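Inspection log for the structure reproduced underneath, given as structure tokens.
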Amino acid sequence: MLFLLALLVLTGCAASPQDLSGKMFTFPQETNTACVKLNTSQQTFSAVTVCHRSFTDLKRDHALFSLATPASANDYLIFWDDTNKEMEPHIKDRKTEYGRQDYKPNAWHSICSTWDSDSGLVQLWIDGQPSIRKFISSGSSIRGSTIIILGQEQDSHGGGFNAKQSFVGMMSDVHMWDYVLSPCEIHNYVDEQNFTPGNVLNWSALNFQIIGRVLLEEKVMTCH
Ligand SMILES: *[C@@H]1O[C@H](CO)[C@@H](O)[C@H](O)[C@H]1NC(C)=O
Ligand SMILES: *[C@@H]1O[C@H](CO)[C@@H](O)[C@H](O)[C@H]1NC(C)=O
Ligand SMILES: [Ca+2]
């Protein structure tokens with residue numbers, strides 16, 4: 001009986017993951033505070049795939065996914081540079097740019113990126129279209145206490161936000177894997193077919209914390 005009580009207290013304290021299937025986060029205003037913090041216990045990544053879907057009408061720079069460790073604020077960052085119209089993956093504080101991307105406003109886009117520390121190559125997939133594979137950083141893993149933020153861009157570990165780099169719009173289906181997905185698996189994700197959910201971040205079992213004005217809403221709002 002005592003054991004059962006202790007167990008209840010313990011599980012009551014830990015944030016329980018939620019199934020966010022069919023849902024989205026709405027970031028309704030420009031701030032330097034509102035964000036969603038995603039929790040993972042994993043601290044070492046020798047390879048990464050991150051996928052999400054987002055919708056915005058922003059005509060300025062904005063962060064789509066910001067992972068920081070104490071060693072580097074841009075350990076894994078996906079950033080839209082509106083001046084140059086380039087999608088920028090930053091990995092271990094190094095940056096590469098992908099121009100000529102079909103990143104139209106006011107539409108949902110599926111954005112995936114992959115990187116592995118053996119080859120050091122990064123690749124971007126926008127709506128299933130692969131970019132060229134570019135060298136960015138090889139030889140060492142992303143390592144350390146991981147803070148993952150949606151809606152803001154970290155200039156320090158868990159902070160240093162700038163409203164002019166915040167995300168305003170909707171975001172859904174965020175997954176992260178600690179390996180490189182095959183092109184087929186990426187297409188399955190893009191086409192919303194059966195795919196293996198992220199083993200680091202799983203939208204169907206997401207550990208998250210909303211800070212400020214971010215809403216969790218149904219993704220499809222239809223009239224009947
Ligand atoms: C983060 O997740 C780990 C395990 O995945 C869990 O032990 C810990 O309690 C979580 N922390 C928060 C703040 O939810
Ligand atoms: C993702 O979450 C779903 C729902 O809890 C679970 O069935 C599935 O096994 C999880 N997948 C991974 C890879 O963790
Ligand atoms: Ca910044």
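Just follow the structure's listing: the first ligand is 1, and inside any ligand the first atom is 1. Remember, predicted model here, so these are calculated numbers, not experimental data.
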Quiz item: Do S72 and R94 meet the criterion of a side-chain donor-acceptor pair at a distance under 3.5 Å?
Solution: no
Quiz item: Got a sec: does the CG of N194 have more than 12 other heavy atoms crowding it under 6.0 Å?
Solution: no
Exercise. List the steps and the verdict of ring-ring contact (aromatic ring centres under 6.0 Å, His included) for F25 and W203.
Key: CA-CA 11 Å; F25 289 123; W203 190 253; 5.5 Å; yes
Quiz item: When you look at CD of E217, are more than 12 heavy atoms from neighbouring residues, nucleotides or ligands closer to it than 6.0 Å?
Solution: yes
Quiz item: Taking the Ca ion (ligand 3) as the center, what protein N, O or S atoms are found at less than 3.0 Å?
Solution: E153 OE1, D155 OD1, D155 OD2, Q165 OE1
Quiz item: Should H187 and F195 be marked as a ring-ring contact (aromatic ring centres under 6.0 Å, His included) after you check the CA-CA gap, both sets of side-chain angles, and the distance that decides it?
Solution: CA-CA 9 Å; H187 277 135; F195 66 95; over 10 Å; no
Quiz item: Is there a side-chain contact between L38 and M176, using heavy atoms and a 4.5 Å cut-off?
Solution: no
Exercise. Might you list the protein residues in contact with ligand 2, defined as having a heavy atom under 4.0 Å from one of its atoms, sorted by chain and number?
Key: P197, G198, N202, S204, A205
Quiz item: Would S46 and Y179 count as having a side-chain donor-acceptor pair, cut-off 3.5 Å?
Solution: no
Quiz item: When you look at CZ of R60, are more than 12 heavy atoms from neighbouring residues, nucleotides or ligands closer to it than 6.0 Å?
Solution: yes
Exercise. With K219 as the cation and W108 as the aromatic partner, state whether NZ or CZ is under 6.0 Å from the six-membered ring centre and within 45° of the axis.
Key: yes
